[in-house]
Amino acid sequence: MTRFSLKRPTILVLVISSLLAIGWFTLLSNSDQQVNRTEHTVLAINWYQTSAEFRALSYQAYHIGRMMLDQELKKRSPKKRAIVVDVDETVLDNSPHAARLVFENRGYPHLWDEWVNAAKAEALPGAVEFLQYAVSKGVDVFYVSNRRVDQVEVTAKNLVARGFPQAVPSHMLFKEGESTKEPRRQTILKTHNIILLFGDNLNDFAEVFEGKNVQERGAAVDALKEEFGKRFIVLPNPIYGEWEGALYDYNYRLTDSEKDQRRKQALRSFE
Ligand SMILES: [Mg+2]
């Protein structure tokens, strides 16, 4: 029988390895360095930028819009008709900005102003043709966006360059104070009959969707299900949105690691 004994150098090696292991474990469990800030957005951006399905969905949204517009034109309207569109990820594609955030491993609003000022965003498939058609039928277009009001001019430059109609300040209701778009929709309603709204975010359609948690958002959509594909036309945005904010209870100050945890906790699996 051999007796197991530890010699001093062996003990030293064991102590050092234990300390290293504890240090590594602490790093893994407490530090944000384990969670890459932008890695989770890569596949969504890939989908947005490369999938033909994305293009098809955008055409689909604007084709549904045209069918609904044609139906509306057969009815009488007491006021001039209007179509309300959001800007970002509804008529303009800002995915190059999201891609740049991946390369720099930074979060929004890093370089957002630089991107907006470059006025280089492409139009979403089908958007220009649809809005030009609407204007040709005597319908007004309003761009209701949460870009800042001081970004109206440069955004107009971008929209005009892509061929969008009525991209002039009087048709661009950008964010001046609060994020809610309801007061801006009410302003339009004073003079117009809003027949269609386009957006990538539920808040682009009605106040009832604002500030709700994940379950409440789902329930609010169910309650208004008749509106979708009729008066409310939704564009896909898997990169960001209130849907993500809802996962974090709109607390964007959570650490990267806490956000990662929330995302994983929200996954529905099976036993
Ligand atoms: Mg948007």
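Just so you know, ligand 1 is whichever comes first in the structure, and atom 1 is the first atom listed for that ligand. For the single chain, residues carry numbers from 1 onward in sequence order.
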Which hydrophobic side chains are connected to Phe205, either touching it within the sub-4.5 Å cutoff or through other members that do?
-> Val84, Phe142, Val144, Leu173, Ile188, Leu189, Ile194, Leu197, Leu202, Val208, Phe209, Val221, Leu224, Phe228, Phe232, Val234
Metal environment of the Mg ion (ligand 1), protein N/O/S under 2.8 Å = Asp86 OD2, Asp88 O, Asp200 OD1
Exercise: do Tyr240 and Asn201 side chains pair donor with acceptor under 3.5 Å | no
Side-chain atoms of residues 114-131: list all donor-acceptor pairs with protein atoms under 3.5 Å, sequence neighbours left out, distances to 0.1 Å.
| residue | atom | partner | partner atom | Å |
| --- | --- | --- | --- | --- |
| Trp115 | NE1 | Asn94 | OD1 | 2.7 |
| Asn117 | ND2 | Asp113 | O | 3.1 |

Identify the two heavy atoms, one from Glu216 and one from Lys212, that lie closest to each other, and give their separation to 0.1 Å.
-> OE1-CA, 3.4 Å
Members other than Phe103 in its cluster, when Ile, Leu, Val, Met, Phe, Trp, Tyr link by side-chain heavy atoms under 4.5 Å?
-> none
Test item: Lys137 side-chain N/O and Asp70 main-chain N/O as donor-acceptor pair under 3.5 Å = no
